[in-house]
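Below: one structure, written as structure tokens.
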Amino acid sequence: MAIRIIGTGSALPKKQVTNKELESRVDTSDEWIRERTGIGSRHISTGETLVSLTAQACGRALENAGRQASEVELLLVATCSPERGIPCAACQVQSALGADRAVAFDLNAACAGFLFALNTACAYVEAGIYRNALVAGGEVLSKIVDWTDRGTCILFGDGAGACLVEKCDRGGLLGFVQHSDGSRGDVLKCDSRPLKNPFVSLEMEAPYVQMDGREVFAFAVRQVPESITEVLHKTGIAVEEVDLFVLHQANRRIIEGIAKRLGADISRFPVNLDRVGNMSSAAIPVLLDELNRQGKLQAGMKLVLSGFGAGLTYGSCVMEWQ
Ligand code: UT7
């Protein structure tokens, strides 16, 4: 028994911000951003919230699957930019959707978050605890990005994506691998509130994303092919049998590096980061929804999904689309 995706949905803020527009904010250029990242524009919230975007994406996934919110048994939201510390985003989304029967909670594994949430849903369903799950990845990163730091602000975008999954007897999610390396947590981080109470008051760094881009780049190009090879080995599937590699959309050069190491043609690596930038945990489900709605996912196709990011966290799964 495994899970299969029976519906996908996504939502992006209305405002699109081009590289040209960023030129007036930081010392950068459209040419530099395109050449080093492949990004041309991204969607930035001017009022849309993590909950409104994620609820919209979830609603579209339900509609795509022909299911009602009341049927959902598990609702997982992967995010590293929640609106509130408490309650969790998933409970807020549950309320917005009217998914009253669902058990809802968040999961934060940064850019690997959606993949880890999907695998978590799979484990619950395989254990027979729930029959279906709504799995979402949503981010409003624009509020935690330092808009004076050209090394990071040009990369990120806001958005949300979701999948409705249910148990199946064959095909679907064939296997997954997940890894975490907390010892390298400092290469990509964003501080939360400092310790402040009547007994102590600590200083903190600005609560914005801080990143050693080169380190993250090297980590991704080295470790993602390893995790993909690991999951392919585990499931007995060859690189040549994979129809599409749906990777976290961080940087076109990272994706090219991964393709090269795997010896797989770049045409099998769909990309949307040119339009949406890096949306962390929303990247994979948004891309999956675009491919689904464009009719590019056919029954029987083998997909590899792979996420990687802060933590460091990374993981991959293989699925047969149904
Ligand atoms: O989901 C995971 C999230 N993070 C990532 O995926 C990030 C992975 N890393 C990357 O994508 C790349 O490392 C970046 C795109 C962030 C940077 O590209 P790079 O080729 O590694 O550039 P660099 O950091 O080595 O910087 C090269 C130069 C530097 O100038 P100097 O010291 O050579 O004079 C930077 O100051 O480029 C400069 N630079 C910029 N120039 C124009 C850095 N950012 C910019 C910018 N515009 N936006």
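All ligand and atom numbering here is 1-based and tracks the order in the structure.
Taking the six-membered ring for Trp and thresholds of 30 and 60 degrees, Phe245 and Phe269 have nearly parallel ring planes, at less than 30 degrees apart.
Judged by distance alone, the side chains of His43 and Glu48 never bring a donor and an acceptor atom under 3.5 Å apart.
Partners of Lys15 by side-chain contact (heavy atoms from CB on, under 4.5 Å), not counting sequence neighbours, listed by chain and number: Val17, Glu21, Thr46. Shown here are the side-chain contact (heavy atoms from CB on, under 4.5 Å) partners of Val221, two or more places apart in sequence or in another chain: Phe217, Ile254, Arg261.
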Expected rows: ligand 1 N/O, protein N/O, dist below 3.5 Å:
unit_1	atom_1	unit_2	atom_2	d
ligand 1	1 (O)	His248	NE2	2.8
ligand 1	1 (O)	Asn278	ND2	2.9
ligand 1	9 (N)	Gly213	O	3.0
ligand 1	11 (O)	Asn251	ND2	2.8
ligand 1	13 (O)	Gly213	O	3.3
ligand 1	20 (O)	Arg36	NH1	2.8
ligand 1	20 (O)	Arg253	NH2	3.0
ligand 1	22 (O)	Arg36	NH1	3.4
ligand 1	25 (O)	Arg214	NE	2.5
ligand 1	25 (O)	Arg214	NH2	2.8
ligand 1	36 (O)	Arg150	NH2	2.9
ligand 1	41 (N)	Trp32	NE1	3.4
ligand 1	41 (N)	Arg150	NH1	3.4
ligand 1	47 (N)	Thr28	OG1	2.6
ligand 1	48 (N)	Thr28	OG1	3.1
ligand 1	48 (N)	Arg150	O	2.9

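A salt bridge links Arg101 to Glu73: at least one charged side-chain nitrogen sits closer than 4.0 Å to a carboxylate oxygen.
The salt bridge (charged side-chain N to carboxylate O under 4.0 Å, His left out) pairs that include a residue from residues 22-33 are Lys20-Glu23, Asp27-Arg150, Asp30-Arg34, where partners are two or more places apart or lie in different chains.
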